[in-house]
Protein chains: 4
Amino acid sequence: MAGLRTQVFKQVICVHHVYNGAKRFASRIGFIGLGNMGGSMAKNLIVKGHRLSVFDTNPQAVANLVEEGATALRNPADIAKNVECVITMLPNTSHVLETYQGENGIFQGIQAGTLLIDSSTIDPSVPKQLSSLAKNQGAVFLDAPVSGGVNAAKAGSLTFMVGGQADEFEPAKEILSCMGARAVYCGPSGSGQAAKLCNNMLLAISMIGTAEAMNLGIRLGLQPKLLAEIFNSSTGRCWSSEMYNPVPGTMENVPSANNYEGGFGTNLMVKDLGLAQDAATRTQTPVMLGSLAHQTYRIMSAHGFGNKDFSSVYKYIQEIEKSR
Amino acid sequence: MAGLRTQVFKQVICVHHVYNGAKRFASRIGFIGLGNMGGSMAKNLIVKGHRLSVFDTNPQAVANLVEEGATALRNPADIAKNVECVITMLPNTSHVLETYQGENGIFQGIQAGTLLIDSSTIDPSVPKQLSSLAKNQGAVFLDAPVSGGVNAAKAGSLTFMVGGQADEFEPAKEILSCMGARAVYCGPSGSGQAAKLCNNMLLAISMIGTAEAMNLGIRLGLQPKLLAEIFNSSTGRCWSSEMYNPVPGTMENVPSANNYEGGFGTNLMVKDLGLAQDAATRTQTPVMLGSLAHQTYRIMSAHGFGNKDFSSVYKYIQEIEKSR
Amino acid sequence: MAGLRTQVFKQVICVHHVYNGAKRFASRIGFIGLGNMGGSMAKNLIVKGHRLSVFDTNPQAVANLVEEGATALRNPADIAKNVECVITMLPNTSHVLETYQGENGIFQGIQAGTLLIDSSTIDPSVPKQLSSLAKNQGAVFLDAPVSGGVNAAKAGSLTFMVGGQADEFEPAKEILSCMGARAVYCGPSGSGQAAKLCNNMLLAISMIGTAEAMNLGIRLGLQPKLLAEIFNSSTGRCWSSEMYNPVPGTMENVPSANNYEGGFGTNLMVKDLGLAQDAATRTQTPVMLGSLAHQTYRIMSAHGFGNKDFSSVYKYIQEIEKSR
Amino acid sequence: MAGLRTQVFKQVICVHHVYNGAKRFASRIGFIGLGNMGGSMAKNLIVKGHRLSVFDTNPQAVANLVEEGATALRNPADIAKNVECVITMLPNTSHVLETYQGENGIFQGIQAGTLLIDSSTIDPSVPKQLSSLAKNQGAVFLDAPVSGGVNAAKAGSLTFMVGGQADEFEPAKEILSCMGARAVYCGPSGSGQAAKLCNNMLLAISMIGTAEAMNLGIRLGLQPKLLAEIFNSSTGRCWSSEMYNPVPGTMENVPSANNYEGGFGTNLMVKDLGLAQDAATRTQTPVMLGSLAHQTYRIMSAHGFGNKDFSSVYKYIQEIEKSR
């Protein structure tokens with residue numbers, strides 16, 4: 001069985017190595033969850049020469065991939081029966097559990113030696129459990145959530161944060177490299193999810209902090225662009241101030257330059273912060289600013305910013321009415 | 001009068017230009033406030049060839065500078081009578097107001113054409129007022145608070161954030177360059193203070209955010225160094241995670257590697273955040289995370305972290321006792 | 001001088017005692033600041049038999065009181081020259097300072113023996129200063145901010161929180177009793193303001209807490225009225241849950257039953273919380289929830305709730321849009 | 001089956017009615033979870049004439065009850081086989097799930113017609129699930145968490161917040177009345193837990209608010225007792241200020257009068273706030289102050305206040321060291 005998988009990965013490696021030339025070998029990969037993210041990731045796998053079997057509850061999403069050359073199968077179990085590697089990209093924890101453990105789920109069709117990669121963002125305690133169930137069936141489970149949004153998915157420039165057995169990371173990297181620019185090994189099962197949640201919690205905090213500091217400076221009479229430069233050459237520097245400034249007019253090609261369209265939606269940030277909050281509650285870890293950031297994005301969501309980029313927190317805190 | 005000042009600055013410029021050669025001209029500069037920061041800044045001015053008159057209420061601090069070649073005078077008014085430029089580096093707003101407006105204060109001795117530079121960190125509404133009083137006496141007032149702590153003051157590598165009339169910035173820059181590596185023009189009177197407060201508020205938020213995210217990740221089983229690398233190559237990146245990581249063992253030569261000794265004390269951060277809070281209250285600007293960061297550092301101060309570096313917030317939030 | 005004032009208060013006492021019968025004696029009182037609150041308070045003094053001299057920068061406000069029998073004077077100094085007691089009811093600290101210390105201010109017309117009562121809500125550090133200036137002129141200054149809004153002002157049912165010399169409290173109480181149902185002596189100068197700010201900070205926190213807890217319960221399927229009853233018979237009980245519930249349908253005759261019209265405006269709460277925040281900053285007192293409450297009301301103000309009753313925080317936090 | 005249960009409750013009612021006279025009938029009740037709370041509750045049931053079968057993993061706790069007349073059984077299943085009513089009082093959600101659904105759990109021994117009462121404080125989404133499983137076996141499940149701590153458990157003066165089918169409330173009330181002074185029907189399954197969590201979240205917020213407002217007032221020079229009185233006769237009034245004031249010296253017979261010993265431990269509050277936070281995350285309900293209260297108690301727990309009464313938040317926020 002290990003032999004089978006090794007063989008498969010040798011093929012993958014070959015595909016990868018000869019990518020600029022003719023495709024000779026191609027691995028059979030199953031892809032479940034063909035939404036905005038998953039759809040683009042699946043296409044990139046086809047482009048890189050893999051044979052894909054796909055499943056989604058949305059027929060149109062499936063049709064789009066079939067047009068690109070994928071084979072549609074009836075359910076996750078059927079997918080699992082026909083491939084050496086299954087990738088899942090689903091909206092949340094319960095979808096992932098259902099897809100793996102439900103009726104006609106992956107675990108009902110899985111073969112020994114299969115590599116299971118879940119790129120959904122879910123509760124970091126779940127991968128350990130799925131990993132152990134996979135092991136019972138001779139398979140391997142890795143959590144590999146992504147950073148970088150829809151555009152990075154299209155461009156194949158995602159970053160994968162990977163959790164699981166260290167010796168499974170290299171083979172998986174070959175496949176991940178077809179969909180992303182980078183894969184970081186984070187530690188045992190669940191570590192990929194943990195790293196993603198921590199990163200996004202820090203991002204959420206820094207973004208609100210940047211919005212507050214920019215807003216305060218502007219209210220005190222400073223020019224926004226100059227203020228951003230001061231931060232960026234000083235101790236206030238952060239990704240949000242430097243690469244993704246939330247104040248319109250300070251940068252081009254970021255959501256704040258485009259009425260906060262595109263980018264990473266507030267509702268998605270609420271979801272990730274909810275998972276971080278759950279993890280903090282479970283591990284009794286104090287996250288004062290993390291909690292406040294979570295609640296702030298949640299209230300923004302309630303005030304019409306749910307589908308705007310999360311940097312719209314700047315707009316949200318601007319004074320739009322004079323107080324007495 | 002403008003002529004006098006221009007002349008003075010020509011001299012300064014000369015000093016500056018010939019710094020690597022012989023000192024020919026040197027401007028007369030008054031320095032008030034010779035604490036940890038001010039003392040080192042004053043020494044650097046002497047080293048760069050300026051003649052210094054100094055004042056401080058602490059006789060030892062004065063004696064130290066006299067040893068370096070400075071002349072001690074009896075009060076701020078006397079300083080002002082004898083120099084072309086006065087630099088103040090004082091603990092807070094009320095010290096600055098007293099030093100300028102009090103009995104035997106600067107305004108009682110000031111000559112037309114004098115350049116007044118206040119490098120203290122104070123309420124950003126005060127410089128406008130002092131600037132206007134200075135103007136009435138034919139003098140010029142600039143606010144020029146610094147970033148970079150005691151070590152940067154010693155090394156002459158401070159950053160100055162300067163507020164005041166734009167055409168006074170270039171001449172002042174010559175003097176500031178003797179004490180720092182960089183001077184940024186921020187806008188009209190008070191803008192230097194405003195920029196500093198906004199930067200430090202963002203710094204305070206990012207630092208707590210970094211501490212929370214690192215702590216959560218560690219509690220979830222991630223290796224601290226790896227987690228910091230993930231942040232720094234991703235959207236969680238900020239100065240606190242990259243240059244000044246609060247978790248012992250992740251970096252060398254930062255306060256977290258040295259039991260949080262040295263660096264920028266929690267009490268100083270409390271002071272700056274208090275000024276930011278006041279500015280936010282006055283301008284009715286919402287600063288949710290800024291307020292919470294302020295209160296968090298204040299409570300830390302109450303629990304023995306007041307004289308530790310502000311990155312000790314990591315230690316503060318670590319679980320030191322098992323909850324039931 | 002003390003004799004004069006004592007005599008005046010004896011008259012007041014008489015007026016008070018014979019209120020249901022004929023008015024025989026009446027003290028001369030000056031009233032400055034005839035807005036929604038001050039106008040009603042002044043009227044009540046007239047009704048109770050006092051002779052009023054009034055001043056306001058708004059001519060219509062003055063005209064209204066003249067119609068009720070008051071005499072209009074040109075400025076605070078003129079008021080002070082003609083009365084035994086001056087009451088001020090002004091929007092904020094700077095108005096109070098100007099009215100007392102400005103050109104033609106109270107201190108320019110004041111007579112020895114005058115009783116000065118400031119019912120404005122202002123920075124609690126200011127009364128001490130005004131009290132000391134008053135003392136220099138042989139007068140007495142009390143801070144006496146009110147609780148209870150416009151309706152209580154009309155009905156004469158305000159509560160006064162009084163700071164100043166203890167032995168001046170009883171005489172002042174006689175006058176205050178014409179405008180309110182209750183006066184509480186809080187301690188030396190500034191204590192009235194301090195008590196008010198602390199009370200309102202606690203009120204602001206409890207109100208948001210009540211709104212959050214009611215909202216969470218309702219989202220979990222509980223009936224609002226039942227939930228309020230559970231709180232009120234248990235440890236969650238507070239004035240906001242019991243007397244002023246923010247959830248529409250739980251109570252009658254409160255702002256939540258009337259689209260949050262009337263009551264105590266969010267902008268006024270922002271002002272009081274700003275003063276509490278300033279006091280906390282000055283005294284280095286940690287107020288975590290107090291700060292967050294302040295910022296929350298400030299953001300509400302920015303989102304159109306500024307002139308709604310402060311209990312509209314319930315409406316503000318309700319989910320009005322489905323998150324993904 | 002319904003008949004059997006009705007009959008049982010008639011007996012209970014009899015017991016209750018004739019309590020002051022001779023005991024004639026007594027119901028058979030199972031009690032699982034004999035800790036500080038459960039042990040006292042079980043004793044009260046025995047005192048009121050019920051025959052108890054008990055189970056706990058701690059042999060000493062079981063021995064104590066056997067001494068009072070209870071019968072020890074080997075596991076929850078055995079308990080369920082032998083009684084008409086099972087009461088559980090366990091530390092957390094996972095203990096409850098294990099006790100009901102685990103090997104030799106209640107559901108393996110349960111008879112039709114049994115009344116199941118869970119008085120643990122757990123995730124409010126769990127009772128619905130247990131209720132439905134109970135129904136499948138012809139039994140009835142009620143959630144009935146308590147308010148009032150160890151002393152109320154001893155004194156039999158607890159308050160029960162009950163969720164489940166309305167028509168089961170009255171019979172259950174008879175049994176609950178043996179252990180408590182009051183039972184409130186809150187709505188369908190899970191409502192008891194929901195009500196408790198919302199109440200405790202509001203309590204946590206009010207307590208911290210009271211501590212902050214008292215502390216600020218004291219720092220501004222007010223007398224603690226006087227300040228408490230002002231709150232309690234005004235809009236700041238809440239259970240924490242009135243019945244359980246956190247400032248030593250303001251009240252007798254409360255934890256603050258006894259070095260914060262006894263009462264409701266910070267760690268227990270952390271647990272309840274964690275459940276509230278989870279419920280808020282699941283229902284996407286904004287709880288800004290609720291989250292901050294949760295994190296504050298969690299940090300207190302990390303700083304040695306975990307086993308102190310939750311009103312020790314006052315001590316926690318007091319300035320114990322002078323800031324610079």
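Throughout, a chain's letter reflects where its sequence line sits, starting with A, and its residues are numbered from 1. All values derive from a computational prediction rather than experimental measurement. Side chains are part of it too, since the values below use all heavy atoms of this structure and drop only hydrogens, waters and symmetry mates.
Atom-to-atom distance recorded for B/Phe310:CZ and B/Met269:CE is 4.5 Å, nearest 0.5 angstrom. Between C/Leu130 atom CG and C/Leu97 atom CG the span is 6.0 Å, to the nearest 0.5 Å. One finds the CG atom of C/Leu292 at 5.0 Å from the CE atom of B/Met288 (value rounded to the nearest 0.5 Å).
Using a 4.5 Å heavy-atom cutoff, the side chains of C/Ile122 and C/Leu90 are not in contact. At a threshold of 4.5 Å between non-hydrogen side-chain atoms, the residues B/Leu116 and B/Phe107 count as touching.
Pairing each heavy atom of C/Val162 with each of C/Ala144, the nearest pair is CG2-CB, 4.1 Å.
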Extract the chain C to chain B donor-acceptor pairs under 3.5 Å, no hydrogen or angle test applied.
| unit_1 | atom_1 | unit_2 | atom_2 | d |
| --- | --- | --- | --- | --- |
| C/Thr285 | O | B/Arg298 | NH1 | 2.9 |
| C/Val287 | N | B/Gln295 | OE1 | 2.7 |
| C/Ser291 | OG | B/Gln295 | NE2 | 2.9 |
| C/Gln295 | OE1 | B/Val287 | N | 2.7 |
| C/Gln295 | NE2 | B/Ser291 | OG | 2.9 |
| C/Arg298 | NH1 | B/Thr285 | O | 2.8 |

